[in-house]
There are 2 protein chains.
Amino acid sequence: MPSIKDVARAAGVSTATVSRVLAGSDHVKEETRQRVLSTIELLNYRPNLVARSLRSQKSARIGLVVSDIRNPFFTAISRAVEDAAYEQGYSVLLCNTDEDPAKEELYLNVLHDESVAGIIFSPTQQFSARLSTFKSDIPFVIIDRAVNAAQADMVLLDNVAAGYELTTHLIQNGYTRLAGLFGNASTTGKERNKGFRKALEDYQLKPLAEQFIPPRIQQGYETTLMLLDQPNRPDAIFTSNSLLTAGAFQAIRYRNLKVPDDVALVGFDETTWGALVDPPITLIAQPTEEIGRTATELLFQRIEDPGRSPRTVILKGKLIARGSSAPRVNK
Amino acid sequence: MPSIKDVARAAGVSTATVSRVLAGSDHVKEETRQRVLSTIELLNYRPNLVARSLRSQKSARIGLVVSDIRNPFFTAISRAVEDAAYEQGYSVLLCNTDEDPAKEELYLNVLHDESVAGIIFSPTQQFSARLSTFKSDIPFVIIDRAVNAAQADMVLLDNVAAGYELTTHLIQNGYTRLAGLFGNASTTGKERNKGFRKALEDYQLKPLAEQFIPPRIQQGYETTLMLLDQPNRPDAIFTSNSLLTAGAFQAIRYRNLKVPDDVALVGFDETTWGALVDPPITLIAQPTEEIGRTATELLFQRIEDPGRSPRTVILKGKLIARGSSAPRVNK
DNA sequence: TTGTAAGCGTTATCAC
DNA sequence: GTGATAACGCTTACAA
């Protein structure tokens, strides 16, 4: 593997000149530039990024810390971030915390030690609480989950509005005995719950149940079974993320109940299966491409200008009404 | 951020000694070691990984290059690899090539430039052809897809056997007019096709159709529509990966046909939705955890001993028979 | 416009 | 056992 020295020697210039050519500096004679360029080509030279990082104390890598890579929402986000970063010549280190604050801390350290230029992440609730004490020298952008400390760039969904819209949709379609399953790992579940409540209040209804549980298929399954087995069974179930939706759907199926006649089901996030099951699932689709892209852009801007005042971008979800919440037929 | 020099100064030793303590060398007096250790603790020192990489010409990072992060198979693999790598103190750089040889080449370069210690990847077919010319100085392990060059460690599924088993299952359940959708991006589709053919031959049947198409939901959808609209409609559709399965399922639904009465459907890989749809999908589940873990272990072994002779690990898939291929009722 | 040389934070090779 | 010190490959003042 040739180094910058080899190129310099072969081109009959100093390493500084090669470096200048690499950096696209104007202060190089065109003739010299060409000679260096063709030598680079000839030797098939590629700069050593590690050495460059060490010297310049930064790198063309960003970190993406997600809480669950099995959640299709985060898969979609990572695609978007990767594409956006790639366009800027950056590569992405993807880390998965499993909603575990210990892993979260670990990976933030790893990323720091790898001297990434910045981090995009969705913190656990425990972490959010400590965020104010987390004096990081690394620029970062929060996605998906609000944190208290206003001193951070964020890209969020308007979760309250989304929860409200989804709930209103159910109510307007004739459902009145609503139960909600909300993820307990982040603020997202809380906010969607707030919208859920607000809608019920506005229609002078009371929630039949509000369960805050770990955002996992298994938990959604078990909790839904429990809800379905109660004497006063809900006629609609609201779930605050797609893993809970999947679990709820399984449970409804397991109890041989029909969607939406026996119980309607709505949730969040477009998934492969949401449109495949019968009936397809009504949901709020998040603009994942836009979220990932915006977060990446915000991060680059902050890297560029660490002093700028933090901004929060709030995006709107889109209601996709499908069979799982079809207007209730009177019986 | 304190450096090794700061630690050395504070502990009253040289940087060499600190480095020795860090490396766990025996040749340090216990007393000195303790002093250094507590100084490290005190200053909250953490070694600069970039500098370490530069000096030692290697890093505690491995690359994972997958062809489609939206494919649940690869999501599962990346979880397994990450966990296994993490246990060894390695972090994982995840790259997504989108089955694009250009991106593939780019990411291999990126990983090389980041001086990863090794790479696990699933090459495109185009790449496999060039693999023999790809004299890499980086240890690597191939997963999921066989390559011609025997000079590589590989972790593969016994795809021919899996295809055979899945097809036999259909035939034994009374299906005779079989069509197959196979991914054209890798050897995997080809091998599963081989098993498909073999089974048909053994039962003296002829395939109704064999389509080699890009492994995408949309392609699976379109091709299935086409198959369903033919005069001699298949009574069972074999798909060689879960994206094609999803597309086929959509198409069958769109044509208002019933699974499995009108047409049975089988595929590969456990997904969230496979068990959620009605009827649930019969499939060959791959041992993703084991594949990822084995690949990681092989990689570490090769990093350890670059000269060892390459080995190929072939794992068996597991048939999960469900409603989508229930025994055919005579009409 | 170009070259010289210092230095980024480590590890490793010598000495002592 | 421990300490100087030279590298690793690059960028960037500062000189020329």
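Here is the naming used below: chain letters follow the sequence lines, and residue numbers restart at 1 for every chain.
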Where along residues 2-19 of chain B does a heavy atom fall under 4.0 Å from DNA chain D?
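Listed by number, they are B:Gly12, B:Val13, B:Ser14, B:Thr15, B:Ala16, B:Thr17.
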
So if I take residues 22-35 of chain B and measure heavy-atom distances to DNA chain D, which residues fall below 4.0 Å?
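Nucleic-acid contacts, sorted: B:His27, B:Val28, B:Lys29, B:Thr32.
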
In plain terms, say whether B:Asp68 and B:Lys103 are close enough for a salt bridge, that is, a side-chain N and a carboxylate O under 4.0 Å apart.
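B:Lys103 and B:Asp68: not salt-bridged.
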
For the pair B:Asp98 and A:Arg79, find out whether any cationic side-chain nitrogen is under 4.0 Å from an anionic carboxylate oxygen.
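Yes, B:Asp98 and A:Arg79 are salt-bridged.
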
Check: B:Phe73 main-chain N/O paired with B:Asp269 side-chain donor or acceptor under 3.5 Å
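Checking the backbone N and O of B:Phe73 against the side chain of B:Asp269, no donor-acceptor pair under 3.5 Å is found.
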
Would you check if the side chain of A:Arg302 reaches a backbone N or O of A:Arg308 as a donor-acceptor pair within less than 3.5 Å?
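Yes.
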
With side chain to side chain contact (heavy atoms under 4.5 Å, CB included) as the test, pick out the partner of B:Arg311 among B:Val141, B:Leu298, B:Val155.
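Among the candidates, only B:Leu298 passes.
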
ring-ring contact (aromatic ring centres under 6.0 Å, His included) involving A:Tyr45 - partner list, sequence neighbours excluded
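Per chain and number, A:Tyr45 pairs via ring-ring contact (aromatic ring centres under 6.0 Å, His included) with no residue.
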
Please list, chain by chain and in numerical order, all residues satisfying ring-ring contact (aromatic ring centres under 6.0 Å, His included) with B:Tyr86, sequence neighbours excluded.
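Partners of B:Tyr86 under the ring-ring contact (aromatic ring centres under 6.0 Å, His included) test: none.
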
Take the C1' atoms of the five end pairs on each side of the helix from C:dT1-D:dA16 to C:dC16-D:dG1, derive the two axes, and give their angle rounded to 10 degrees.
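Computed angle between terminal axes is 40°.
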
Say you draw a straight line from CG of A:Asn241 to OG1 of A:Thr188; how long is it, rounded to the nearest 0.5 Å?
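With rounding to 0.5 Å, CG (A:Asn241) is 9.0 Å from OG1 (A:Thr188).
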
Residues in side-chain hydrogen bond (donor to acceptor under 3.5 Å, both in side chains) with B:Ser67, at least two apart?
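Result, side-chain hydrogen bond (donor to acceptor under 3.5 Å, both in side chains) vs B:Ser67: B:Glu99, B:Arg145.
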
Qualifying residues under side-chain hydrogen bond (donor to acceptor under 3.5 Å, both in side chains), relative to B:Asn48, sequence neighbours excluded
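Residues passing side-chain hydrogen bond (donor to acceptor under 3.5 Å, both in side chains) with B:Asn48: none at all.
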
5' to 3' contact window, DNA chain C with chain B (heavy-atom distance under 4.0 Å):
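Contact span on the strand: C:dG9 to C:dT13.
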
Counting only heavy atoms and a strict 4.0 angstrom limit, can you tell me which residues of residues 39-54 of chain B come near DNA chain C?
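By residue number: B:Tyr45, B:Arg46, B:Pro47, B:Asn48, B:Ala51, B:Arg52.
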
Reading DNA chain D 5' to 3', which nucleotide is the first, and which the last, to come under 4.0 Å of any heavy atom in chain A?
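It runs D:dG9 to D:dA13.
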
Heavy atoms of other groups near A:Glu304 CD, more than 12 under 6.0 Å
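Counting neighbours around CD of A:Glu304, 12 or fewer heavy atoms of other residues, nucleotides or ligands fall under 6.0 Å, so no.
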
Suppose we screen for side chain to side chain contact (heavy atoms under 4.5 Å, CB included). Which residues come up paired with B:Lys58, at least two apart in sequence or across chains?
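With sequence neighbours excluded, B:Lys58 shows a side chain to side chain contact (heavy atoms under 4.5 Å, CB included) to B:Ser56, given in chain and number order.
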
Measure from the ring center of A:Tyr107 to the ring center of A:Phe121 and say whether it is less than 6.0 Å.
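Ring centres of A:Phe121 and A:Tyr107 not closer than 6.0 Å.
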
Between A:Gln301 and A:Glu297, does the side chain to side chain donor-acceptor pair (under 3.5 Å) criterion hold? Intermediate values first, please.
CA-CA 6 Å; A:Gln301 288 163 13; A:Glu297 284 162 7; 5.4 Å; no

Please determine which of B:Asn109, B:Thr124, B:Thr97 meets the side-chain hydrogen bond (donor to acceptor under 3.5 Å, both in side chains) test together with B:Glu104.
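Exactly one option meets the side-chain hydrogen bond (donor to acceptor under 3.5 Å, both in side chains) with B:Glu104, and it is B:Thr124.
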
With sequence neighbours left out, what residues match B:Arg35 under salt bridge (charged side-chain N to carboxylate O under 4.0 Å, His left out)?
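B:Arg35 satisfies salt bridge (charged side-chain N to carboxylate O under 4.0 Å, His left out) with no residue once adjacent residues are dropped.
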
Might you work through the side-chain contact (heavy atoms from CB on, under 4.5 Å) test for B:Arg293 and B:Glu290, ending with a clear yes or no?
CA-CA 5 Å; B:Arg293 190 161 283 278; B:Glu290 202 180 346; 5.8 Å; no

